[in-house]
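A quick note: this is a predicted structure, and the numbers were derived from the prediction, not measured.
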Amino acid sequence: MLFIGTGILTEDFSSMPLNVAVIIASFIALAMNPKEKFLKKVEIFTKGAGHPNIMLMAVIFILAGAFSTAAKGMGAVESTVNLGLSFLPANLLMVGLFVIGCFISISMGTSMGTVVALAPIGIGIASQTDISLALAMATVIGGAMFGDNLSIISDTTIAAARTQQTQMNAKFKVNFLIVLPGAIITAILLSILTRGNVATVAGDFHYDFIKVLPYLAVLGAALFGVHVLIVLLGGTVFAGIIGMIDGSYSFVSFLQTVAEGLISMEDLAIIAILIGGMVGIIQYNGGIDFLMNFISKRIKSKKGAEFGIAGLVSAADIATANNTISILMTGPLAKQIADEYDVDRRKSASLLDLFASCWQGIVPYGGQMLAAAGLAAISPLSILPYSFYPILMGVCGIVAILIGYPKTKKSGKIALQPAALPTAEDQLTD
């Protein structure tokens with residue numbers, strides 16, 4: 001209510017910082033249940049905030065920030081973008097731009113970074129052809145959301161996998177096969193709509209392939225099942241070594257860059273900790289049980305449970321315009337629904353990430369939409385009719401629920417203690 005209400009009143013959805021909204025909501029949670037002693041409620045809050053799974057997630061977030069910043073500082077982002085643009089076909093401009101966006105976003109793990117990097121290229125292409133600016137910006141956003149949903153180092157993947165207690169590489173494989181048809185259909189639609197448009201993208205797109213290697217190494221190691229902490233720490237060191245060899249870094253400047261990366265994710269880590277405490281209070285007061293009973297009355301099957309998870313995270317993202325926060329908010333309840341109805345944990349994690357990213361690429365007040373529209377000087381609403389990939393993501397998610405994909409593996413349901421988040425024992429088992 002704070003986020004949406006302030007956004008409507010001020011006509012600026014960035015006017016209410018999410019961390020402030022979460023702090024206010026946390027104090028409201030502490031003020032409820034007046035019969036309980038305040039010190040007792042504070043103890044419950046701190047236990048929820050300091051839960052092993054929350055702490056691990058916070059550490060993963062800041063390590064992802066360290067790797068992302070270290071790789072960017074040694075030129076990995078510029079080389080990755082230029083590598084893609086070097087292969088941009090003159091007769092398949094929007095298809096090529098979409099594919100490049102997918103590649104860059106899955107490498108960098110950030111949709112906003114992809115939008116900022118590729119939007120000027122899309123604007124340049126539109127100025128040379130009769131392709132509309134709105135279509136070009138929608139193409140950039142679509143490619144950006146592809147990697148935001150799938151990348152091993154994306155904060156949404158981290159949040160979805162950790163809240164559902166599944167491995168990120170397992171979630172990636174299931175999620176990728178769900179959205180792949182949507183990406184293919186998007187490419188076909190773009191090729192049909194822009195047929196006959198030919199242009200060249202001006203510029204010298206110099207790249208060093210060696211600088212792309214940290215992204216490829218992190219993706220490969222994660223897919224082979226290496227623990228995410230080792231993956232991110234190793235990727236950060238690898239990026240630093242390459243940077244020091246080519247002169248991008250001295251040892252001291254590398255350490256300073258890593259520190260900047262850690263700090264860049266502090267806000268998200270703190271929000272995760274506050275939400276963990278708030279969920280602990282909500283559960284203690286019976287809120288989780290209430291929601292479970294409310295939802296269970298309307299769920300009659302596993303498919304119903306999966307639609308319930310999709311609906312929960314969709315509502316949260318529409319309310320907050322932040323896919324990571326929406327996953328953190330709804331993840332604990334989604335985990336309980338998944339366990340109750342024997343939903344594969346890879347599937348519940350995929351649904352959380354998929355539907356959060358789907359709406360994030362559609363809501364006109366989302367950061368990605370506002371950034372692209374601002375750079376192109378057009379209305380975010382003009383981009384919506386061309387938002388093929390975000391819409392198709394949602395369609396693919398619905399189809400996956402209806403056909404019961406994946407069918408190859410049981411969820412491995414574990415009897416949990418009545419907690420909003422996985423127990424320490426479960427964490428050790430995982």
Side-chain angles (χ1 to χ4, degrees), residues 1-65 112 155-156 158-160 162-163 260-288 290-291 312-313 315-335 352 356 359-360 363 365-367 370 419-422:
M1 289 173 65
L2 284 168
F3 185 81
I4 287 289
T6 305
I8 292 173
L9 291 174
T10 63
E11 298 183 354
D12 179 8
F13 282 89
S14 64
S15 59
M16 171 56 74
L18 276 170
N19 51 9
V20 176
V22 172
I23 287 174
I24 295 172
S26 297
F27 274 104
I28 291 172
L30 286 167
M32 296 175 72
N33 193 4
K35 294 180 180 179
E36 189 63 75
K37 291 182 179 180
F38 183 72
L39 288 178
K40 175 66 174 178
K41 290 187 285 187
V42 171
E43 181 183 352
I44 294 164
F45 183 92
T46 53
K47 283 183 177 178
H51 189 282
N53 207 47
I54 290 289
M55 289 293 100
L56 179 59
M57 197 185 307
V59 171
I60 293 171
F61 281 148
I62 61 175
L63 283 179
M112 288 297 290
D155 45 13
T156 60
I158 294 166
R162 295 317 311 167
T163 58
E260 290 173 8
L262 297 173
I263 292 170
S264 71
M265 295 295 279
E266 270 185 3
D267 193 45
L268 184 56
I270 290 170
I271 289 174
I273 291 168
L274 289 171
I275 288 177
M278 187 172 65
V279 169
I281 290 286
I282 291 170
Q283 190 218 358
Y284 183 79
N285 289 341
I288 299 293
F290 170 80
L291 286 172
L312 277 171
V313 76
D317 189 75
I318 291 169
T320 61
N322 187 301
N323 44 349
T324 306
I325 302 304
S326 63
I327 293 169
L328 288 171
M329 288 172 59
T330 57
L333 182 56
K335 175 68 165 56
L352 282 173
W359 287 103
Q360 190 66 24
V363 291
Y365 47 87
L370 291 174
L421 290 165

Peer 1: Do Leu312 and Leu333 come close enough that some side-chain heavy atom pair is under 4.5 Å?
Peer 2: yes
Peer 1: Which pair of non-hydrogen atoms, one from Ala321 and one from Gly366, has the smallest distance, and what is that distance?
Peer 2: CB-CA, 4.2 Å
Peer 1: So Tyr284 and Lys40, do their side chains get closer than 4.5 Å, heavy atoms only?
Peer 2: yes
Peer 1: Would you say the side chain of Thr163 lies within less than 4.5 Å of the side chain of Met57, judging by non-hydrogen atoms?
Peer 2: yes
Peer 1: First locate atom CD1 of Ile60, then atom CE of Met265, and finally report the distance between them rounded to the nearest 0.5 Å.
Peer 2: 10.5 Å
Peer 1: Looking at every non-hydrogen atom in both residues, tell me the closest pair between Ser264 and Gly65 and how far apart they are.
Peer 2: OG-CA, 4.2 Å
Peer 1: Is the backbone N or O of Asp317 less than 3.5 Å from a side-chain atom of Asn323, with the two atoms forming a donor-acceptor pair by type?
Peer 2: no
Peer 1: When rounded to the nearest 0.5 angstrom, what distance separates CG in Leu18 from CD1 in Ile275?
Peer 2: 8.5 Å
Peer 1: Shortest non-hydrogen contact from Leu328 to Ala159?
Peer 2: CD2-CB, 4.0 Å
Peer 1: Could you tell me the separation between the CD1 atom of Ile270 and the CD1 atom of Ile23, rounded to the nearest 0.5 Å?
Peer 2: 8.0 Å
Peer 1: Please name the pair of heavy atoms, one in Ala64 and one in Ile158, separated by the smallest distance, quoted to 0.1 Å.
Peer 2: CB-CD1, 4.1 Å
Peer 1: For Thr10 versus Ser15, what's the shortest heavy-atom pair and its separation?
Peer 2: OG1-OG, 2.9 Å
Peer 1: Rounded to the nearest 0.5 Å, how far does CE of Met278 lie from CG of Leu30?
Peer 2: 10.5 Å
Peer 1: Using modelled atom types and a 3.5 Å cut-off, is there a donor and acceptor pairing between side-chain atoms of Thr6 and backbone atoms of Phe3?
Peer 2: no
Peer 1: Let's go through Leu268 and Ile325 carefully: what are the C-alpha distance in whole Å and the side-chain angles of both, what is the deciding distance for side-chain contact (heavy atoms from CB on, under 4.5 Å) to 0.1 Å, and is it a yes or a no?
Peer 2: CA-CA 8 Å; Leu268 184 56; Ile325 302 304; 3.8 Å; yes
Peer 1: When rounded to the nearest 0.5 angstrom, what is the spacing between CD in Glu43 and CD1 in Ile281?
Peer 2: 10.0 Å
Peer 1: Restricting to non-hydrogen atoms, name the atom on Ala49 and the atom on Ile54 that form the minimum distance, rounded to 0.1 Å.
Peer 2: O-CG2, 3.2 Å
Peer 1: Can you tell if the side chain of Met329 reaches within under 4.5 Å of the side chain of Thr320, non-hydrogen atoms only?
Peer 2: yes
Peer 1: Only counting residues at least two apart or in another chain, list the ones meeting side chain to side chain donor-acceptor pair (under 3.5 Å) with Thr330.
Peer 2: none
Peer 1: Does Lys41 use its side chain to pair, donor to acceptor, with the backbone of Met32 at less than 3.5 Å?
Peer 2: yes
Peer 1: Measuring from Ile62:CD1 to Leu262:CG, what's the distance to the nearest 0.5 Å?
Peer 2: 5.5 Å
Peer 1: Measuring only between side-chain heavy atoms, which start at C-beta, is Asn33 closer than 4.5 Å to Lys35?
Peer 2: yes
Peer 1: If only atom types and distance count, is the side chain of Tyr365 paired as donor or acceptor with the main-chain N or O of Leu370 below 3.5 Å?
Peer 2: no
